Colleague: 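Input: one structure, supplied below.
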Amino acid sequence: MSDPVGKLPSELDQLPDRDTEETAEWAASLDAVAQAAGTRRAEYLLRRTLQHAEAAGLALPKLLETDYVNTIPTAAEPEFPGDEEMEARITAWNRWNAAAMVTRGSKYGVGGHIATFASAAWLYETGFQHFFRGKETDGSGDQLYIQGHASPGIYARAFLDGRISEQQLDNFRQESGGNGLPSYPHPRRLPWLWEFPTVSMGLGPLSAIYQARFNRYLQNRSIKDTANSHVWAFLGDGEMDEPESTAALALASREQLDNLTFVINCNLQRLDGPVRANFRVVQELEAQFRGAGWNVIKSLWGSAWDELFQLDASGALVRRLREVPDAQFQTYATRDVAYIRQHFFGANAELVQLAGVLSDAKIAECFHSSRGGHEPRKVYAAYKAALEHKGAPTVILAQTVKGYTLGAGFESKNANHQMKKLTIDEFKDMRDRLGLPIPDSAFADGQVPYGHPGANSPEVQYLNERRAALGGPAPARKVKHVALPAPADRSFAPLLKGSGKQEMATTMAFVRLVKDLMRDKETGKRWVPIVPDEARTFGMESLFPSAGIYSPLGQTYEPVDRDQLMYYKEAKDGQILNEGITEAGAMADFIAACTSYATHGEPMIPFYIFYSMFGWQRTADQMWQLADQLGKGFIVGATAGRTTLTGEGLQHADGHSHLIASTNPASLNYDPAFAYEIAVIVKDGLRRMYGETPEDVFYYLTVYNEPKVQPAMPEGVEEGILKGLYRFNTAADLAEAAPAADAPKVQLMASGTAIHWILEAQKLLAAEWNVAADVWSATSWGELRRDALECDEALLRGEVRTPFVTRALEGAQGPVLAVSDWMRQVPDQISQWVEQDYTSLGTDGFGLSDTREGARRHFGVDAQSIVVAALAQLARRGEVPASSVKEARERYGL
């Protein structure tokens, strides 16, 4: 081996060597080992030295990849505290019923997945028997993110403990009758069992990290003692391809979230085939997590491998395991021993010699089934080590066989994710393999039976005793409603009375309102402001010194603006969650805060404020996750609309978020025009979400960065604000140039900042065209539509109800022209329930960089364009001359 000292990397050349002679001795020793024992021995010594240095706490870069072996060797495994035989019987019953449920359901064509739980059964059962804390002890218990495709196994366990009936099992994926089971963990569909929706893959791991982080937030703010709550996220190795799965790994490490454990089921298969056909996903994940600062525990090989590793004196076996790609190892799990001897052990003479002392039975056991994830002792050792590790989150990489115990037709087959049933013969083979007392006569009708040892059986008694010791059943979702008192009216009063002559954007109005609400003695501490690194854009910097920005470390530095009134203040008990540039992370934070009322029995009032373009468009999937999880809170799309954010251009110009939001049944969407509307909506939102009879909804508000004089609230408009529409003024209210009494009439309707365009158009129509226009504020196109749809549904039941929008416009003369800073589809949501002639103007197409005036003229929504559109409506009705339309176009340069 050549002298390495002269070939050190340049960064090491910059470090002074205080003892060059000692350095040379170390290098010479390494050379001597390589020459005498070979380079593999030298590599081994270096790796062991680095591992020792890491364990000793020396400040060296960590090894990103260790050998393809278990982190915890068999000799170091702790004593297993349970009754292994009893737990094996319990697991066998759960395996059977999970497979039976899906197979029985296949006759209805509803599908289901069998192979995932079959591979992960012991990963769940060991946790349920020994680790997962329930909710009937002090604290909140543990939070379990169950892998979605494993849901049949969780239902099977709930059947065994008596929480689910056989009828419900038979209604798996058949919910419309009211006694069924949802396909995956859906809290909205089965709210007593599931806490977290996980099957939109990638969102589970992201949410789990932020849930663990929010647990610490509650602890550090002295709201709830969460010290004993642990977050367990069960994930698939294929799921880790989703960018959200690994997006927040550094956050978890940076904030030392040792209350978090990822359990990744590495069965080496995703939905269509191998996760990493030509590579090794376990090693890749290890490097990724270790590089991010996580504690990594690998539980790869079952105890049958112990003999092989003991015989591996030269390390040839470990090297071979490290070089075989996953797809080839999957093939070994399905082929006979002769194939394995030839293709695995035949790689070199050392392995041939090792295989020579192994029986065919031993080789078959090792390669076909013996995996760390299938042995409760090894799973227990990994879980115990994870809980004992402090200062960093832990990921457990547990290797399994997909479809384990389902027979040769399932195990390790590429297609097993799509295989929905077993034959009767396959079930009988499975019964014999699991040792279940199910007689052949139970199959007499050609249907696979469910199995249950009996409510008073030793198995069920053991299961119940273990759950009682751990704090009750799991998974479980428990809600003990705590109504929050309504904030004092004085917080809302400033917005209700208007801004006088001062101009104020609705974004600022909302921030001022929340700032006042955060001072409320009863509920102020429960507000959770969440922002992805744009607080100053939204005028929220005034909250920095008063509320503080949450950091588990507090503030370990002197901020550069410490001498300023609104300096950047971080605090361990800070209230603001400033997430940096990650809308996905901010949404995950929001979901954790929105559901704290259920997870921890502590209702929080989060508001998440963001550039509206980067909310629903980027994270709509998480909005559905929020709805499924029954979250409550305020989502605020600031700098909203397509034309208000001057200069930023296409990617910042939101003209469609309300359209996307309208697809979510749990989202109440408002586009307020004035500050007083915001006050009314927020006050009612607090009542609906946190009052005596709470609703499982959340709010989407859009606010604008365009300063305008804010009027005082007119009398009697509260109902219209909340239902979505009210008349703001009439043509007769104009102080100057009021139209003649017999003037043609038109109804101008707008939401958000567009109200100011139609107010200007109202004046132009009166002064220049003798047209009387009434102005309507449409605070929520979506709520108007929701109400109208409910009326249509009632009609099918024989109930005659008139939609609010129809009633509100009853008697209004002339056509209706609806205008907004959104695509026309947004106001067009209500068109079929408007009895008057109806048309709309909007900002369809791509956004562009320009002044507000230029952008509005481009889209044809400025006041002059509105005038021309209104005249065109009236001309079609014969109420103004057609020439007036042409004249108006020419006058306004359109």
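Residues take their numbers from the sequence shown, with the count starting at 1. Because the structure is a prediction, the values reported are computed rather than measured.
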Colleague: Quick check against the 3.5 Å criterion: does Asn267 have a side-chain atom that pairs as donor or acceptor with the backbone of Ser119?
Modeller: no
Colleague: For Phe329 and Tyr332, take the angle between the two ring planes, folded into 0 to 90°, and tell me which bin it lands in: parallel under 30, tilted 30 to 60, perpendicular over 60.
Modeller: perpendicular
Colleague: Would you say the side-chain atoms of Arg319 pair up with the backbone N or O of Ser314, donor to acceptor, closer than 3.5 Å?
Modeller: yes
Colleague: Who pairs with Tyr462 by ring-ring contact (aromatic ring centres under 6.0 Å, His included), at least two apart in sequence or on another chain?
Modeller: none
Colleague: Could you tell me whether Arg280 and Glu284 have a side-chain N and a carboxylate O separated by less than 4.0 Å?
Modeller: no
Colleague: Given side chains that start at C-beta, do those of Phe345 and Ile363 come closer than 4.5 Å, heavy atoms only?
Modeller: yes
Colleague: Starting from the C-alpha separation in whole Å, work towards a yes-or-no answer on side chain to side chain contact (heavy atoms under 4.5 Å, CB included) for Thr71 and Thr66.
Modeller: CA-CA 9 Å; Thr71 303; Thr66 61; 5.5 Å; no
Colleague: Return the CH2 to CG distance between Trp301 and Asn70, rounded to the nearest 0.5 Å.
Modeller: 8.5 Å
Colleague: How many angstroms lie between CD1 in Ile396 and CG in Leu235, if you round to the nearest 0.5 Å?
Modeller: 11.0 Å
Colleague: Quick one: pull up CH2 in Trp194 and CD1 in Ile154 and give me the separation to the nearest 0.5 Å.
Modeller: 5.5 Å
Colleague: Thinking salt bridges, do Glu388 and Lys384 make one under a 4.0 Å N-O criterion?
Modeller: yes
Colleague: Measuring only between side-chain heavy atoms, which start at C-beta, is Glu125 closer than 4.5 Å to Arg157?
Modeller: yes
Colleague: A side-chain contact here means heavy atoms from C-beta on lying under 4.5 Å apart; do Val460 and His452 qualify?
Modeller: yes
Colleague: With rounding to the nearest 0.5 angstrom, report the CD to CD distance, Gln328 to Glu323.
Modeller: 11.0 Å
Colleague: Is Phe279 atom CZ crowded by more than 12 heavy atoms from other residues, nucleotides or ligands, each under 6.0 Å away?
Modeller: no
Colleague: So does Ala292 get a backbone contact from the side chain of Ser253, meaning a donor-acceptor N/O pair under 3.5 Å?
Modeller: yes
Colleague: Compute the ring centroids of Tyr68 and Trp305, then answer whether they are less than 6.0 Å apart.
Modeller: no
Colleague: Checking side chain to side chain contact (heavy atoms under 4.5 Å, CB included) against Ser229, which of Gln211, Arg133, Gln143 comes through?
Modeller: Gln143
Colleague: Would you confirm whether Arg341, through its side chain, and Ala355, through its main-chain N or O, come within 3.5 Å as a donor-acceptor pair?
Modeller: yes
Colleague: For the CG atom of Leu463 and the CE atom of Met86, what is their distance to the nearest 0.5 Å?
Modeller: 10.5 Å
Colleague: Answer yes if the side chains of Tyr155 and Arg163 hold a donor-acceptor pair under 3.5 Å, and no otherwise.
Modeller: no
Colleague: Classify the ring geometry between Phe367 and Phe344 as parallel (under 30°), tilted (30 to 60°) or perpendicular (over 60°).
Modeller: perpendicular
Colleague: Looking at Ala442, is its backbone amide N or carbonyl O close enough to the side chain of Gln447 to form a donor-acceptor pair, meaning the two atoms are under 3.5 Å apart?
Modeller: no
Colleague: Identify the residue among Trp232, Phe196, Phe234, Tyr184 that makes a ring pair (Phe, Tyr, Trp, His ring centres under 6.0 Å) with Tyr145.
Modeller: Phe196
Colleague: Can you tell me how far CG of Leu358 sits from CG of Leu308, rounded to the nearest 0.5 angstrom?
Modeller: 4.5 Å
Colleague: Can you tell me if Lys428 has over 12 outside heavy atoms packed within less than 6.0 Å of its NZ?
Modeller: yes
Colleague: Which heavy atom in Gly407 sits nearest to a heavy atom in Arg433, and how many Å separate them?
Modeller: N-NH1, 4.2 Å
Colleague: With under 30° as parallel and over 60° as perpendicular, where do the rings of Trp294 and Phe262 fit, or are they tilted in between?
Modeller: tilted
